[in-house]
Amino acid sequence: MHAVSSSPPPAGSWLWPAWLRALALAIILACVLVIIELVSGMSQRATLGIGKLMSFVFNRPAITALVLAMPTIHGLWNLPAGRRSDRILAVILALAVATCALRSESASARLGVAVCAIGWLLAVYWPRLTLAAVGCAFVLTFTMAPVLGVAAQNWLPSLILNCFSAMTGQARIDICGSFGEVVWVRPVAGAGFGASASMERHPVAAAVAPEHRTLLGVGHPHDMPLQAWANWDDRGGHPRPGGPASAEAAAPFAGT
C-alpha cells in the first residue's frame, strides 16, 4: 500500500478569506452610512454636531471606498473555495460602492466607476491587452502630472471647460499649474513627505512664479499623481516644518 501524504495548509491561510469578508462588510457599511447622509441632507452630522454640513466632505470617502473595493471584489470572486456566498458578497460590495460614488459630488469617483466597468469588460475578452493598456495609462498619468496644468490651460477646449463651475474647472487648472512648478523646481529631490499641506511656506515656494504662489496654500494639488510628485522625498520621507495651509487661500477650495 502506498502511503497517502497530504501537506497541511499554510499557517494562517484560513484568515485570508475572513479578512476579505470583514473588509467587504466594513466598506459596505461605510457606503451605506455615506449614502444615508447624502440622501438625508447630513442629518447624522447635524444631530451629532460634528464636521462640516457640506456634501463634498464625502468625496474622499467615496474615492477611498472605490479604491479599496476593487481588490476586495477580485479577491472574494476568486477565492479557492469558490463559495457562492462570497461571490454574492462581492456583487453587493460592487453595487454599494458604485451607488456611493454616483451619489457623491466627486467626479473622480464617478469616472473611476466608469473606468472600472469598462476595464472589467475589456479584461474579460482581452486580458493581456487590457493589462498592458492599464500599465501604459498609469505611466502616462504620472508622466503628464507635472505639466497637467499647463497642458489643460493651453489645449483644453473652452467648450469642455465651460461645462464645469469656476471652482472645479479653471481653479483646478491653476492649482495644478502652481504645484506643477514645484515639481519642476525639485523633480528629483522633491519637496518632502507631507509638504503640500504648507507648501506656500516651504523654501521651494520662493522658486515658484509670484503669481502662482498663492494657490500653493490650498493644501493639496487636487490631483493624486501630482501630489505624489510634489510630496516626493529622496531621503526616505520625513515631514517638513510648517503649520497648516493659509486659511485665506485654502478656504474657497477646502474639501474639493
Side-chain angles (χ1 to χ4, degrees), residues 19-77 85-121 141 152 160-176 196-197 215 218-228 244-245 247 249-256:
W19 276 112
L20 272 179
R21 294 170 192 136
L23 179 58
L25 292 173
I27 298 172
I28 291 171
L29 178 60
C31 290
V32 170
L33 291 174
V34 169
I35 293 169
I36 291 174
E37 281 288 73
L38 292 172
V39 171
S40 64
M42 318 295 132
S43 60
Q44 296 176 81
R45 297 172 74 86
T47 301
L48 297 174
I50 57 174
K52 300 176 181 177
L53 297 180
M54 300 178 181
S55 55
F56 65 69
V57 299
F58 294 108
N59 287 356
R60 289 188 184 182
I63 295 174
T64 302
L66 178 63
V67 171
L68 291 175
M70 292 304 102
T72 306
I73 293 171
H74 177 78
L76 286 171
W77 194 269
S85 59
D86 288 330
R87 294 195 168 186
I88 292 175
L89 181 59
V91 172
I92 294 174
L93 175 57
L95 293 175
V97 169
T99 303
C100 179
L102 296 176
R103 288 290 309 187
S104 74
E105 293 185 4
S106 174
S108 298
R110 294 194 291 270
L111 178 62
V113 171
V115 170
C116 288
I118 295 172
W120 178 77
L121 287 173
T141 298
I160 296 178
L161 184 59
N162 292 337
C163 294
F164 301 95
S165 67
M167 297 298 292
T168 57
Q170 186 61 51
R172 298 293 182 95
I173 293 175
D174 295 338
I175 293 170
C176 286
S196 63
L215 290 178
V218 301
H220 61 97
H222 296 75
D223 180 83
M224 292 180 183
L226 183 55
Q227 181 154 347
F253 308 99
T256 56

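Numbers for residues simply follow the sequence, beginning at 1. Nothing here was measured: the structure is a model prediction, and the numbers come from that model.
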For the student: nearest non-hydrogen atoms of [X] and [Y], plus distance:
| X | Y | value |
| --- | --- | --- |
| Leu20 | Thr72 | O-CG2, 3.8 Å |
| Val97 | Ala69 | CG2-CB, 3.5 Å |
| Ala65 | Cys31 | CB-SG, 3.9 Å |

Hey, could you give me the [atom1]/[atom2] distance between [X] and [Y], rounded to the nearest 0.5 Å?
| X | Y | atom1 | atom2 | result |
| --- | --- | --- | --- | --- |
| Ile63 | Cys100 | CD1 | SG | 10.5 Å |
| Leu121 | Cys116 | CG | SG | 11.5 Å |
| Leu66 | Ile27 | CG | CD1 | 10.0 Å |
| Ile35 | Ser40 | CD1 | OG | 11.5 Å |
| Leu38 | Arg103 | CG | CZ | 6.5 Å |

Taking the side chain as every heavy atom from C-beta outward, state whether Leu89 and Leu25 have any atom pair closer than 4.5 Å.
yes

Is any side-chain heavy atom of Ser55 closer than 4.5 Å to a side-chain heavy atom of Met42?
yes

Got a sec, which residues hit side-chain contact (heavy atoms from CB on, under 4.5 Å) with Trp120, two or more places apart in sequence or on another chain?
Val124

Taking it one step at a time, do Cys176 and Leu226 satisfy side chain to side chain contact (heavy atoms under 4.5 Å, CB included)?
CA-CA 8 Å; Cys176 286; Leu226 183 55; 4.1 Å; yes

For the side chain of [X] and the backbone of [Y], is there at least one donor-acceptor N/O pair under 3.5 Å apart?
| X | Y | answer |
| --- | --- | --- |
| Gln227 | His220 | no |
| Asp86 | Leu76 | no |
| Arg110 | Ser104 | yes |
| Glu37 | Gln44 | yes |

Within a radius of less than 6.0 Å around CE of Met224, do more than 12 heavy atoms belonging to other residues, nucleotides or ligands occur?
no

